Amino acid sequence: MSIRVRFAPSPTGDLHVGGARTALFNWLMARKHGGTFVLRVEDTDGARNTAEAAAGILKGMRWLGLDWDEGPDVGGDCGPYFQSQRKDLYDAYFKKLEDAGRVYAEHDGAMRFKFSRTAITVHDLVCGDVTFAPTEEPDMTIRRPDGSYIFHFVNVVDDIEMRISHVIRGEDHLSNTWKHIDLFNAFGATAPTYAHIPLILNPDGTKMSKRDEGSAIEHSYMNAGFLPDAVFNYLCMLGWTPKAESEKLSRTELTALFDADAIHSSNAKFDLKKAQWFNAQYLRELSPTELLNHAKPFLTAKGLAWTDDAMAAAAVHSVREKVSLLTELPEWAHYFFREDFPFEADVVTKLKAKPENAVLLKVASDQLTQAAEWTEQSVHDAVEAAAKALSVKPGAMMPLLRFALSGQSRGPGVTTIAHLIGKEKTQARIQRALSNVLGT
RNA sequence: GACCCCUUCGUCUAGCGGUUAGGACACAUCCCUUUCACGGAUGCGACACGAGUUCGAUUCUCGUAGGGGUCGCCA
């Protein structure tokens with residue numbers, strides 16, 4: 001039997017970490033076994049669903065690299081993949097239930113499914129066998145008076161029609177799963193294998209909802225400067241521990257290691273700091289070009305522009321280990337992109353602190369002018385020569401140059417900055433610091 | 001209220017009857033260092049509680065407490 005899994009979001013809002021991880025585990029399951037990953041949009045609630053939400057969910061999944069084999073935009077043999085377009089099918093299945101005498105009408109026309117009221121056991125890859133005693137709950141409504149169908153019913157019908165072999169979903173569905181099995185039985189169909197994965201909670205242990213920090217993929221990750229690979233990796237670690245030496249694993253490794261049986265059964269609290277740590281790890285591995293590509297929107301959003309891609313790439317690359325999020329890049333690298341960068345207040349204070357600072361800068365400038373070539377080494381040699389000429393340590397000279405060249409008290413090596421901006425700008429910036437800040 | 005799931009450092013977790021209870025993030029200190037970081041080292045820090053079973057329980061069983069979930073004409 002081929003592995004067919006699905007992610008079935010309801011387009012009522014943005015893609016959330018919980019949903020994203022559910023999608024991710026399904027994706028991993030399909031990829032690991034060479035199966036099929038189906039994306040099905042459960043938009044049966046006309047009042048709450050929006051096209052924007054559906055588009056947003058697809059966007060988030062694409063960003064995470066969770067490509068689907070069947071579903072919206074890509075089609076497939078079991079379409080359409082929007083439940084709002086499958087009414088005829090549901091009507092046909094409803095008829096089967098009717099013929100079997102398993103449904104009856106309420107006074108207002110709503111239709112209920114008659115439970116079998118037998119003990120039902122859910123065989124779950126994560127939770128083991130969970131048996132529910134014959135229920136005392138009222139029969140469940142599966143069709144509204146207006147003829148539209150309800151979640152439990154369409155979910156089961158589609159899982160049958162789409163030949164879903166494994167249902168990996170949030171643990172919040174476990175308590176209702178016996179109802180689904182009751183329905184599968186009523187249709188004479190075999191229920192899929194279930195795997196109810198633990199929920200992701202807020203740091204304070206409460207249920208994560210749309211408004212909570214770190215919950216929305218687009219807002220908290222895409223726009224917050226995370227790399228998709230890092231989020232992918234971090235989400236995997238919430239509720240599942242691959243048997244590997246490191247926690248930092250590529251998609252390929254994660255796919256090879258994936259094992260639904262090994263998913264935990266206890267909820268996990270979300271830790272933004274650790275997610276950022278993963279991001280920092282991935283950020284540092286990027287080549288200058290890759291880093292620039294990821295950084296572009298964040299740089300331009302801050303008004304930074306450039307014409308030389310190689311230079312811009314080298315610039316962001318030079319500060320890559322200072323940041324853990326792409327959004328932090330502009331504040332660390334802005335002076336590589338503009339000449340009118342501001343001077344930090346304490347930088348001005350430190351420059352003005354000692355009268356001889358102006359002399360140090362002038363001598364350094366003179367030595368730099370004489371440099372025949374412009375490499376990090378030659379810049380370093382020039383600064384050293386200047387220090388020697390004044391009988392001070394290079395360590396006294398470097399900070400001043402840093403202030404002059406970047407307006408910042410922290411950053412990459414001074415020689416790296418000077419080399420990257422070039423000889424002319426280095427000279428000009430020293431002159432500007434001398435005249436504008438020190439007034440000489 | 002009924003039913004279901006869960007319970008190891010602050011957080012994510014390893015552990016599957018005998019361990020100095022291991023790792024990662026965070027935090028602290030030190031080293032490295034022209035700054036900030038990176039990196040390296042060290043430290044801090046946990047088996048919810050109570051009964052059993054057993055020669056021996058973090059590990060197995062039951063109970064209690066706590067957390068989460070479900071019981072919709074939401075999904």
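Protein chains get the first letters and strands the later ones, always in sequence-line order, with residue 1 at the start of each. Model, not experiment: these values are computed from the prediction.
Here A/His317 and A/Phe336 keep their ring centres 6.0 angstrom or further from each other.
Residue contacts shown for A/Pro394 are absent, as no nucleic acid heavy atom lies under 4.0 Å away. Within the nucleic acid shown, A/Ala110 comes within 4.0 Å of at least one base atom, counting heavy atoms only. If you check every strand for non-hydrogen atoms under 4.0 Å, A/Ser266 touches sugar and phosphate atoms only. Heavy atoms of A/Asn176 sit under 4.0 angstrom from at least one base atom. Base contact: A/Val414 has a heavy atom under 4.0 Å from a base atom.
Judged by the 6.0 Å distance and 45° axis criteria, A/Lys96 is positioned over the aromatic ring of A/Tyr93. In this structure, A/Arg432 is positioned above the aromatic face of A/Phe341, its NZ or CZ under 6.0 Å from the six-membered ring centre and within 45° of the axis.
In the set B/rA75, B/rU35, B/rA14, the nucleotide with an atom closest to the side chain of A/Arg144 is B/rA75. Here the side chain of A/Asp271 is nearest to one of B/rC38, B/rC25, B/rG69, namely B/rC25. The A/Glu42 side chain lies nearest to B/rA75 when the options are B/rC5, B/rC12, B/rA75.
Along RNA chain B, the nucleotide nearest A/Phe278 and the nucleotide nearest A/Gly413 are compared for position; the residue whose nucleotide lies closer to the 5' end is A/Phe278.
One finds the CG atom of A/Asp261 at 4.5 Å from the CG atom of A/Leu125 (value rounded to the nearest 0.5 Å).
A salt bridge is defined here as a Lys NZ or Arg NE, NH1 or NH2 lying under 4.0 Å from an Asp or Glu carboxylate O, and A/Arg40 with A/Glu161 fails to meet this definition.
Rounded to whole Å, the distance from CZ on A/Arg40 to P on B/rA75 is 13 Å.
The base of B/rC25 is not paired with the side chain of A/Lys273 by any donor and acceptor separated by under 3.5 Å. In this model, a side-chain donor or acceptor of A/Lys274 finds a partner on the base of B/rA24 within 3.5 Å.
Searching all strands for a Watson-Crick or G-U wobble partner of B/rG50 with both distances below 3.5 Å returns B/rC62. In this structure, B/rC25 and B/rG10 make a Watson-Crick or G-U wobble pair, each of the two defining distances being under 3.5 angstrom.
Within the structure, every side-chain polar atom (N or O) of A/His173 is placed at least 4.0 Å from both OP1 and OP2 of B/rA75.
Comparing the P positions of B/rA51 and B/rC27 gives a spacing of 40 Å, expressed to the nearest Å.
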